[in-house]
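Here is how names work: the chains are called A, B, and so on, in the same order as the sequence lines, proteins then strands, and each is numbered from 1. This is a predicted model, so every value here is computed, not measured. The basis for the numbers below is simple: all heavy atoms, side chains too, and nothing from hydrogens, waters or symmetry mates.
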Amino acid sequence: MNAEGEGVSGMANENGDRFHTDAVPREAPILSCRELLPGLMLYRIQDPFLASCARPGQFVNLKTPDGFLRRPISLCRIRPGEGAVDIGIRALGAGTRALCRMGCGERIDWIGPLGRGFLLPPRSNQGTSDDADRPDRPLLLAVGGGIGIFPLLGLLEEARARGMGTLSVLGFRDPSQAFLLREFREISDRSLFASDTGGLDHHGNAVEAVRQLLSDPSVRQAVGKGGLRMAACGPHPMMKAVARLAEDLGIPCQVSLEQRMGCGTGVCLVCACEVRRKNPEGGPATDYVRCCREGPVFDAREVVWE
Amino acid sequence: MNAEGEGVSGMANENGDRFHTDAVPREAPILSCRELLPGLMLYRIQDPFLASCARPGQFVNLKTPDGFLRRPISLCRIRPGEGAVDIGIRALGAGTRALCRMGCGERIDWIGPLGRGFLLPPRSNQGTSDDADRPDRPLLLAVGGGIGIFPLLGLLEEARARGMGTLSVLGFRDPSQAFLLREFREISDRSLFASDTGGLDHHGNAVEAVRQLLSDPSVRQAVGKGGLRMAACGPHPMMKAVARLAEDLGIPCQVSLEQRMGCGTGVCLVCACEVRRKNPEGGPATDYVRCCREGPVFDAREVVWE
Amino acid sequence: MSAPGMPADIAVDLSVDLCGIRLRNPVLAASGTFGFGREMAEVFPLSSLGGIVSKGITLLPRRGNPPPRVAETASGMLNSVGLQNPGIEAFLREELPFMVAQGCAVAVNIAGAGAEEYEALVERLDRTPVDLIEVNLSCPNVREGCMAFGATARGVESLVSRIRPRTRKPLAIKLTPQADSISETARAAESAGADAVSLVNTLLGMAIDIETRRPVLANNVGGLSGPAILPVALRMVHEVAGTVRIPVIGMGGIQTGQDAIAFLLAGATAIQVGTATLINPTACQDVVNEIASWMRAHSVPTVRSLIGDLRLNP
Amino acid sequence: MSAPGMPADIAVDLSVDLCGIRLRNPVLAASGTFGFGREMAEVFPLSSLGGIVSKGITLLPRRGNPPPRVAETASGMLNSVGLQNPGIEAFLREELPFMVAQGCAVAVNIAGAGAEEYEALVERLDRTPVDLIEVNLSCPNVREGCMAFGATARGVESLVSRIRPRTRKPLAIKLTPQADSISETARAAESAGADAVSLVNTLLGMAIDIETRRPVLANNVGGLSGPAILPVALRMVHEVAGTVRIPVIGMGGIQTGQDAIAFLLAGATAIQVGTATLINPTACQDVVNEIASWMRAHSVPTVRSLIGDLRLNP
Ligand SMILES: Cc1cc2nc3c(=O)[nH]c(=O)nc-3n(C[C@H](O)[C@H](O)[C@H](O)COP(=O)(O)OP(=O)(O)OC[C@H]3O[C@@H](n4cnc5c(N)ncnc54)[C@H](O)[C@@H]3O)c2cc1C
Ligand SMILES: Cc1cc2nc3c(=O)[nH]c(=O)nc-3n(C[C@H](O)[C@H](O)[C@H](O)COP(=O)(O)OP(=O)(O)OC[C@H]3O[C@@H](n4cnc5c(N)ncnc54)[C@H](O)[C@@H]3O)c2cc1C
Ligand SMILES: Cc1cc2nc3c(=O)[nH]c(=O)nc-3n(C[C@H](O)[C@H](O)[C@H](O)COP(=O)(O)O)c2cc1C
Ligand SMILES: Cc1cc2nc3c(=O)[nH]c(=O)nc-3n(C[C@H](O)[C@H](O)[C@H](O)COP(=O)(O)O)c2cc1C
Ligand code: FES
Ligand code: FES
């Protein structure tokens with residue numbers, strides 16, 4: 001299967017980026033698994049096709065041994081070199097609990113990549129780590145909370161690979177609930193971890209931490225010609241607050257929304273997200289679009305926040 | 001849990017034998033498994049309680065990973081010494097197919113023992129193998145076909161332990177479908193294996209083989225004061241023919257019937273078997289009784305054969 | 001179940017009042033999946049339940065339908081038992097004393113081929129220690145009577161009016177999901193003097209063996225029960241509870257305490273556990289325990305505060 | 001699938017005639033679970049199907065209901081999409097040309113808030129390349145119209161009589177399992193001039209989140225679909241096929257070729273695959289292939305010989 005072949009579609013977005021999607025079920029073996037926290041697993045899964053064409057922010061839809069519908073799970077890291085991807089799963093209900101019991105060597109039945117991921121500015125020149133201080137390079141600030149941090153790890157990797165500067169702010173209930181800190185520290189030029197109960201870099205929530213980070217003179221200085229973009233994924237209230245902050249500050253911001261899904265492929269219309277859209281027929285100024293197809297990543301200004 | 005304790009009932013039958021039943025679900029680990037034929041597994045499962053009180057012809061009702069209702073499976077060998085029992089499962093539909101995929105160390109969720117097993121005459125004296133030639137010892141002839149042979153293995157063991165003489169006749173479609181022959185040969189003073197397509201001891205079906213065995217002068221001679229009993233388990237037409245033959249020859253015969261079950265414990269009444277019974281209220285001369293509670297083993301003369 | 005709530009040893013009050021009968025808890029064993037309690041009394045003490053409901057009883061003994069009487073379906077089963085039972089006299093003589101001795105409420109489920117049979121059954125039960133008569137107007141597995149009455153509001157009204165004067169025992173009318181409109185049949189039962197409604201009975205269904213090209217059940221059709229029907233049952237319970245003032249006994253696919261609580265929130269005063277007992281013999285008792293644990297974890301002191309406390313979305 | 005039957009390469013004839021439309025095979029993608037075919041055309045060639053049915057179309061664009069619109073249930077799901085669609089004009093302009101280009105039969109599913117809307121939709125579709133109009137009288141997710149017509153024989157009869165004269169296209173009336181009696185609504189559709197009946201649509205159900213004490217769906221109730229409802233759907237298809245002479249399009253929980261064959265035996269001339277596509281995007285195509293393999297293994301040369309060939313038990 002190649003990226004332009006059968007069963008693969010290219011969805012172009014406004015920036016001209018193409019997201020390949022594929023809804024043919026495949027079985028993919030679990031290469032390794034790691035318990036990040038009780039009830040929180042990180043899996044590495046072999047799927048060369050997926051690894052070759054998936055983009056950060058896209059997701060897969062997994063069969064679970066205990067449940068009727070598939071479960072949408074974001075791609076965490078995409079590893080084309082290894083023909084594998086990482087996904088992180090929190091055991092929430094029966095379906096994800098059963099998924100989290102799976103072990104090495106077992107096979108996952110999934111479809112993907114699905115949906116539209118995060119948009120990044122095109123690579124201006126071959127970015128390497130030594131242009132980390134170039135004043136005109138664009139900066140990405142990733143803001144995450146809870147399981148929402150998974151797709152941001154892959155996004156930051158991709159941003160660095162494109163020569164962007166990388167900042168990250170992660171929020172957790174308390175330090176015992178924090179995970180992947182080392183990985184985020186490594187992939188970020190600057191990282192700030194917040195905990196509602198203290199004990200990490202910032203005592204408070206992620207949004208306050210973002211505010212703090214952005215008011216730091218060294219960060220303000222680093223925002224050069226390339227500009228700053230934000231990407232957020234986490235609990236709904238967090239994303240809403242980040243979106244408002246970004247709007248106030250005039251920073252472009254993308255958010256990855258969550259909605260209960262049926263198909264994940266765009267055919268059933270259950271995953272409605274309300275967005276502001278130019279409606280060619282006239283009619284209401286907002287519309288329901290499919291989280292699984294037009295999303296899950298949206299421009300924050302489009303989103304109608306409840 | 002002891003045999004008279006909570007959750008254990010004693011169902012006495014006409015001979016005064018008691019069958020202990022237990023409907024509290026237990027998890028029991030698979031100790032070993034052996035593929036007898038493609039799609040035919042023999043499992044040894046640890047369950048000291050079951051091993052201590054189950055009787056040949058009783059069954060367990062198993063949860064299957066793929067199916068809603070439990071599946072009834074006869075006990076094959078009962079091994080009180082090892083605190084284990086053997087069961088044999090044929091992969092027929094989705095439920096038994098999933099059961100047959102289970103491996104060592106996995107746990108089976110079951111209830112049992114359930115139902116009434118085979119009746120054997122009480123042990124007259126401490127039978128040992130050297131009274132094998134005592135002319136007054138009772139004889140048991142077990143007649144089986146297909147998966148029906150499983151419970152007969154345990155029955156023959158019990159019969160020998162009680163000092164009975166043991167004869168067995170097994171019928172198979174063809175030699176490639178035959179299994180457990182060595183085990184049956186060992187446990188039987190005399191065994192005769194029949195195959196519809198030839199290639200075993202007898203070319204033909206099990207019923208003809210029984211007829212042949214019973215006409216053998218040495219067998220007729222062996223039927224002494226203790227008398228001969230028969231027990232049959234297998235396809236419906238086979239059991240019907242064995243029952244008729246036994247009736248013609250005046251030999252007491254028990255059969256183990258199969259009926260689609262719900263609960264296996266006697267509460268839902270879906271497992272109706274039609275039998276001739278003295279109805280105290282008057283009314284029809286036959287009645288539906290529960291395969292799972294009054295059966296699965298019945299006196300062949302009681303059964304209303306379709 | 002993470003938040004601790006009340007300490008595990010604090011007593012929560014599970015009792016409910018069901019048309020004048022005080023139940024230890026709202027969990028009843030449903031009719032037809034618990035026999036007369038004998039087999040299950042060997043598994044757990046029936047006094048731990050709110051009550052038990054007998055298999056459907058008719059005036060004369062009934063053989064029931066020929067086998068096969070069961071077909072497995074996705075998350076459910078079809079049955080076509082066809083009211084096999086020993087008849088009211090043998091039941092009263094052989095089974096009722098045992099049931100009454102178990103220390104929980106006892107309901108008798110009755111079914112008739114015509115109004116006269118229902119009348120006779122109700123009269124016969126009037127002078128017995130039965131707590132509640134559950135009138136089955138919804139058995140899909142017998143050709144005569146039963147469902148014919150239950151399918152229309154008029155049928156329910158006329159039948160309930162005829163039996164109401166014959167007993168002072170509380171009457172719960174068991175409704176069929178095949179009715180024109182289950183709120184209308186429920187309202188008809190109420191206005192004719194029923195003390196409660198029980199719903200739902202099974203949905204009429206079919207399974208086909210494509211190899212033999214015949215229905216799996218000898219009776220061709222059967223009643224669908226189990227978790228498969230839960231969403232339909234829950235919707236109907238909610239609809240009926242919003243329509244009548246008499247208590248609703250809810251059932252259909254309940255397997256866990258969580259399921260039971262959903263029915264209570266939807267407006268059921270008591271619930272019944274049916275098919276779940278076939279898979280897990282301790283299901284009824286487990287449901288009681290799970291309700292209690294959930295209440296402790298959520299600091300809900302009385303089960304009564306859950307009844308009908310569903311808040312609809314705007 | 002052990003017995004060899006016909007060699008694997010021998011052609012079996014899967015074609016059926018559905019009220020004058022020749023279908024390559026009896027498998028249609030159901031309405032609402034296949035969009036307008038665009039997404040699935042990337043997964044497999046739609047020409048391998050008998051046909052595709054559009055999402056329900058109304059006269060004006062509809063936003064649909066607020067989310068959440070889906071709840072998982074045991075072997076099934078509830079949906080409350082509420083007929084989100086771009087309206088007939090945008091559909092004809094943007095979607096129908098694509099559907100028609102796929103090389104299989106094309107049905108358009110329509111729904112209206114009142115008889116006038118149905119009339120207008122049917123008239124508008126008359127001069128289009130649509131093969132079949134499927135008239136949804138059974139959507140449980142919109143407050144107006146639709147189910148109100150479908151629930152009674154009189155409602156079906158009056159609506160079908162009004163739309164029949166407005167088009168020469170074949171009309172399949174999609175019936176609700178919530179009807180008083182589905183054979184009566186089917187007979188009403190037939191006598192008013194329908195060319196076929198489609199059944200079943202979803203069963204009205206509810207799911208409750210006991211933590212929030214609210215229904216899971218923002219719309220409170222939704223339509224139950226998937227394998228959970230198969231036994232009920234199969235029974236209804238069998239009942240209706242024995243009642244009307246026009247062809248029956250059967251659906252409800254079909255996931256495999258085996259399931260599809262059961263519906264054909266019960267009397268369906270064609271079948272639809274709905275919810276299965278959500279779990280397995282290639283479900284429709286797989287069902288076609290599984291029917292063909294089964295026919296080969298059983299030496300059944302034509303699918304037509306299966307239709308209605310169920311033998312009832314005595
Ligand atoms: C685009 C997207 C990406 C996601 N990425 C991740 C991820 O990387 N890691 C992770 O752990 N989780 C992720 N989730 C959330 C995950 O899909 C849900 O936690 C999961 O579906 C819940 O299933 P369950 O069996 O545990 O819960 P149950 O309550 O048993 O599920 C019942 C039903 O509700 C749906 N459901 C319940 N909660 C949610 C929810 N929060 N979002 C969507 N559907 C829900 C389920 O899909 C199912 O249909 C993502 C969700 C979306 C939409
Ligand atoms: C008392 C008793 C003892 C048995 N002992 C054994 C044994 O030792 N080894 C063995 O391999 N099999 C045994 N069987 C048969 C075994 O229970 C069935 O093969 C099994 O239930 C079929 O399930 P499935 O999932 O394979 O079939 P499916 O067709 O998927 O099952 C669907 C439903 O039909 C029921 N069913 C289907 N076929 C039968 C059948 N022949 N008998 C009863 N129910 C059926 C299933 O229980 C289930 O409810 C026994 C049956 C009974 C009643
Ligand atoms: C095997 C079986 C037998 C039943 N017999 C009766 C009966 O005799 N009378 C009755 O009113 N309901 C009977 N029912 C219906 C149940 O009481 C209950 O209403 C229905 O099964 C739905 O609940 P459940 O899904 O929890 O089983 C029977 C159900 C089953 C499965
Ligand atoms: C998400 C979803 C949307 C649906 N939308 C429609 C619709 O617009 N029009 C319609 O007639 N039926 C609609 N249906 C019903 C299906 O076409 C089908 O009748 C029903 O789901 C039963 O079949 P199934 O169990 O195979 O899904 C919808 C079903 C689902 C699950
Ligand atoms: S989940 Fe089906 S359209 Fe998005
Ligand atoms: S299987 Fe339920 S009574 Fe026998």
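Of all heavy-atom pairs spanning B/Leu269 and C/Val81, the tightest one is O-CG2, 3.8 Å. Considering all non-hydrogen atoms of both residues, C/Pro281 and B/Ala23 come closest at CG-O, 3.0 Å. Across all non-hydrogen atoms, the minimal contact from C/Thr73 to B/Phe68 is O-CB, 4.0 Å. Here the shortest heavy-atom pairing between B/Leu69 and C/Met77 reads CD2-SD, 4.0 Å.
Considering only heavy atoms from C-beta on, C/Thr33 stays 4.5 Å or farther from B/Cys263 through its side chain. Looking only at side-chain heavy atoms (C-beta outward), B/Val267 and C/Met40 come within less than 4.5 Å of each other. In this structure the side chain of C/Gln84 never reaches within 4.5 angstrom of the side chain of B/Arg290, judged on heavy atoms. Counting heavy atoms from C-beta on, the side chains of B/Thr21 and C/Glu39 never come closer than 4.5 Å.
With a 6.0 Å radius and a threshold of 12 heavy atoms from other residues, nucleotides or ligands, B/Arg244 has its CZ atom at or below the threshold. For C/Glu123, the CD atom is densely surrounded, since the number of other residues' heavy atoms within 6.0 Å is greater than 12.
Judged as a side chain to side chain donor-acceptor pair (under 3.5 Å), and not counting sequence neighbours, the contacts of B/Thr197 are B/Ser195. B/Gln259 is linked by a side chain to side chain donor-acceptor pair (under 3.5 Å) to nothing, counting only residues two or more places apart in sequence or in another chain.
One finds a salt bridge joining B/Arg71 and C/Glu72 here, because a Lys/Arg side-chain nitrogen approaches an Asp/Glu carboxylate oxygen to under 4.0 Å.
Only the side chain of B/Ile111 comes within contact range of chain C, with heavy atoms under 4.5 Å apart. At a 4.5 Å heavy-atom cutoff, the contact between C/Gln255 and chain B is made by side-chain atoms alone.
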task: Carefully, step by step, assess B/Thr265 and C/Glu42 under the rule side-chain contact (heavy atoms from CB on, under 4.5 Å).
output: CA-CA 11 Å; B/Thr265 62; C/Glu42 292 165 6; over 6 Å; no

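Geometric assessment of C/Arg69 against the ring of B/Tyr288 yields a positive cation-pi assignment under the 6.0 Å and 45° thresholds.
In terms of heavy-atom pairs under 4.5 Å with chain B, the best-connected choice from C/Pro68, C/Gly87, C/Gly35 is C/Gly35. Among the candidates C/Ala74, C/Pro227, C/Pro66, C/Ala228, the residue making the largest number of heavy-atom pairs closer than 4.5 Å to chain B is C/Pro66.
Interatomic distance, NZ of C/Lys55 versus SG of B/Cys268, reported as 9.0 Å (0.5 Å rounding). Atom CG of C/Leu278 sits about 10.5 Å away from atom CZ of B/Arg70, to the nearest 0.5 Å.
The backbone N or O of C/Pro67 lies less than 3.5 Å from no partner atom in the side chain of B/Arg260, so there is not a single donor-acceptor pair.
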